[in-house]
Amino acid sequence: MENFVFYNPVKILFGKGQIANIAAEIPADAKILITYGGGSIKTNGVYDQVKSALAGRNVVEFGGIEPNPHLETLLKAVEIVRNEGIDFLLAVGGGSVLDGTKFIAAAVPFVGDPWDILAKNAPVKAAVPFGTVLTLPATGSEMNTNSVITKWETQEKLPFSSPLVFPRFSVLDPETTFSLPVRQISNGIVDAYVHVMEQYLTYPVNAPLQDRMAESILKTLIEEGPKTLANPQDYDARANVMWSATLALNGLIGAGVPQDWATHMIGHELTALHGLDHAQTLAIVLPSTLTIKRDRKWQKLLQYAQRVWGIVDGSEEARVTEAIAKTRNFFESVGVQTRLSDYGVGLDTIPVIIERFEKRGSVALGEYKDINSQIVEQILTLSA
Ligand code: NZQ
Ligand code: ZN
């Protein structure tokens, strides 16, 4: 096992009715900014629950944070926080609202152009404290330090990470997700699944506990994902998917093991350039990444085949091929297509993506840092 430091201070309030308990988590004298997206929280009752939990508190609101949140929108919130003396943020929504709020939190005290936090890895030295009410299980943003922001002007989508943007608390009430459109549930299942794969499907380092935790999350998503799609009001299925998505990217399964993340980095470019949903890009790229890098991922692919899909017969070659095929079929079975052509994206996007990577520095993705421009091209070509 590799050395690691594991730290995760996020308090989770899980289950029905937990929004009612948020007031106790926020300092009594705080001036609060509630941040939200395009309005789903106003039609599904979540907004009303939050407002009644915060009755009598000093509250300001900022709505309109888009999916794949835009820098340009978030900077407007930064101004409000600075001008109105806001000292606590409450993000209410999906991963985009949470990520956007993390950026606001870090940008408020930042001296200089806040985009440098993403574009130049400028260190985050302070952040406004915040909590979250999650309404879409997918990203793990509710219990991690990551945020992915899009600069609309240049169509760039970049991540940043800082321990200062751990939420103080996150409410996970599965009932808030009952109103999700099918497409977003499908996306959430695939995003969580790929988060696990990015931390699991690399090479063995004799970390059987991390492996088995990862496999448990994958198997839970395979079992509970279809249930929650078939019956969106099945509380237990939704709860199981929600907690799986949180644990998929809260740092636990990735501690002490190599990590890949090439699929995510390539996927972000597809979203930035073509507007595909985050999970759609992952469903396209992951099967090709596994196929192109199969030789170096061989041992873990065999383990995955056996433990997650129960594939034990046939040659090693046949088992690896079947495991990758099962992965693709699973994504499609939960409603996310896996080919660039399914989304009308042509191969002419490949040189554009490679040029963007190269402009940012040398291309060295994956657990071995051996995915260069040529291999990105192979992966995307195979994804046609
Ligand atoms: O904006 P509203 O009206 O709220 O509607 C949203 C949005 O249109 C809707 N929605 C959310 N909860 C709902 C709901 N509709 C009905 N009922 C509910 N309960 O769903 C739509 C999509 O929301 P969004 O927040 O964009 O989705 P998701 O949670 O999948 O977040 C995707 C973003 O997270 C980033 C992605 O890159 C993308 O920008 N990621 C963040 C990560 C992290 N912080 O660790 C890791 C991920 O790999 C990912 O990159
Ligand atoms: Zn993701």
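Order of appearance sets the numbers: ligands from 1, and atoms from 1 within every ligand. Since this is a predicted model, take the numbers as computed values, not measurements. Atoms considered below: every heavy atom in the structure, side chains included; atoms not considered: hydrogens, waters and symmetry mates.
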Under a 3.5 Å threshold, yes or no: a donor from one side chain and an acceptor from the other, between Ser244 and Glu224? no
Going by the order shown, which atoms of ligand 1 are within less than 4.0 Å of some heavy atom of His264? 48 (O)
Ligand 1-proximal atoms of Asp191, by part, heavy-atom distance under 4.0 Å: side chain
For the pair Gln280 (side chain) and Asp277 (backbone), establish whether a donor and an acceptor sit closer than 3.5 Å, ignoring hydrogens and angles. yes
How far is atom 49 (C) of ligand 1 from its nearest protein heavy atom, and which residue and atom name does that atom have? His278 NE2, 3.3 Å
Under 3.5 Å donor-acceptor, Thr271 side chain and Leu276 backbone: yes
One residue to check: Asn44. Relative to ligand 1, which of side chain, backbone, both or neither has a non-hydrogen atom less than 4.0 Å away? side chain
If you round to the nearest 0.5 Å, how far is CD1 of Ile311 from CZ of Arg319? 9.5 Å
Any idea which protein heavy atom is nearest atom 39 (O) of ligand 1, and the distance to it? Asn68 OD1, 3.1 Å
Atoms of ligand 1 under 4.0 Å from any heavy atom of His268, numbered from 1 in the order shown, are 50 (O)
Is the shortest distance from a heavy atom of Pro159 to ligand 1 less than 4.0 Å? no
Using atom types as modelled and distance alone, determine if a side-chain donor or acceptor of Asn144 lies under 3.5 Å from a backbone N or O of Leu249. yes
Go through the side-chain N and O atoms of Asn329 and Glu332 and say whether any donor and acceptor fall under 3.5 Å apart. no
Using a 4.0 Å cutoff against the non-hydrogen atoms of Pro181, which atoms of ligand 1 qualify? 15 (N), 16 (C)
for atom 13 (C) of ligand 1, nearest protein heavy atom and its distance come out as Leu180 CD2, 3.2 Å
Atom 27 (O) of ligand 1: the protein heavy-atom neighbour that sits closest, reported with distance to 0.1 Å: Leu136 CD1, 3.3 Å
Within 4.0 Å of some non-hydrogen atom of Asn146, the atoms of ligand 1 are 43 (C), 44 (N), 45 (O)
Atoms in ligand 1 flagged as close to Gly95, the criterion being non-hydrogen separation under 4.0 Å: 25 (O), 28 (P), 29 (O), 31 (O)
Strictly under 4.0 Å, does any heavy atom of Glu66 approach an atom of ligand 1? no
Examine distances only and state if a side-chain atom of Gln199 and a backbone atom of Ala248 form a donor-acceptor pair shorter than 3.5 Å. yes
Closest protein heavy atom to atom 16 (C) of ligand 1, given as residue, atom name and distance to 0.1 Å: Ser179 O, 3.4 Å
Spell out, as yes or no, whether a donor-acceptor pair under 3.5 Å connects the side chain of Thr349 to the backbone of Gly346. no
Would you kindly say whether Asn68 and Thr150 are connected by a side-chain donor-acceptor distance under 3.5 Å? no
Any N/O pair Lys157/ligand 1 closer than 3.5 Å: yes
Under 4.0 angstrom from atom 6 (C) of ligand 1, is there any protein heavy atom? no
Non-hydrogen side-chain atoms of Leu229 and Ser186 separated by less than 4.5 Å: yes
With side chains defined as the heavy atoms from C-beta onward, is the minimum distance between Tyr343 and Ile284 less than 4.5 Å? yes
Which one holds for Thr271 and ligand 1: side chain close, backbone close, both close, or neither close, with close meaning a heavy atom under 4.0 Å? neither
Measuring from the Zn ion (ligand 2), count protein N/O/S atoms under 2.8 Å, please. 4
Does NZ or CZ of Lys11 fall inside the cone over Phe169's six-membered ring, less than 6.0 Å from its centre and within 45° of the axis? no
Mark the output for Ile41 as yes if a heavy-atom distance to ligand 1 is under 4.0 Å, and as no if none is. no
Under 4.0 Å from a heavy atom of Gly94: give me the atoms of ligand 1 that qualify, with their elements. 25 (O), 29 (O)
Look only at the side chain of Arg238 and the backbone of Thr177, and say whether a donor-acceptor pair between them is shorter than 3.5 Å. yes
Nearest to atom 12 (N) of ligand 1, what protein heavy atom do you find, and at what distance? Thr135 OG1, 2.8 Å
Looking only at side-chain N and O atoms, does Glu175 offer a donor or acceptor that is under 3.5 Å from a partner on Tyr235? no
Are any of the heavy atoms in Gly39 under 4.0 Å away from ligand 1? yes
For Asn83, I'd like to know if atom CG has over 12 heavy atoms of other residues, nucleotides or ligands within 6.0 Å. yes
Nearest non-hydrogen atom to atom 34 (O) of ligand 1 belongs to which of Thr139, Val148, Asp277? Thr139
Return yes when at least one protein heavy atom is under 4.0 Å from atom 32 (C) of ligand 1, and no when none is. yes
For residues Glu142 and Thr132, is any side-chain donor paired with an opposing acceptor at under 3.5 Å? no
Which protein heavy atom lies closest to atom 2 (P) of ligand 1, and at what distance to 0.1 Å? Gly38 N, 3.3 Å
List ligand 1 atoms under 4.0 Å from Ser141, heavy atoms only on the residue side. 44 (N)
Just checking, Lys102 and Phe130: is the charged tip under 6.0 Å from the six-membered ring centre and within 45° of the axis? no
Among all protein heavy atoms in this structure, tell me which lies nearest to atom 24 (P) of ligand 1, with the distance rounded to 0.1 Å. Ser96 OG, 3.4 Å
Keeping the roles fixed (side chain from Glu84, backbone from Ile80), state whether a donor-acceptor pair exists under 3.5 Å. no
Do ligand 1 and Thr177 have nitrogen or oxygen atoms that lie under 3.5 Å from each other? no
Would you mind reporting whether Leu33 and Thr35 have side-chain heavy atoms less than 4.5 Å apart? yes
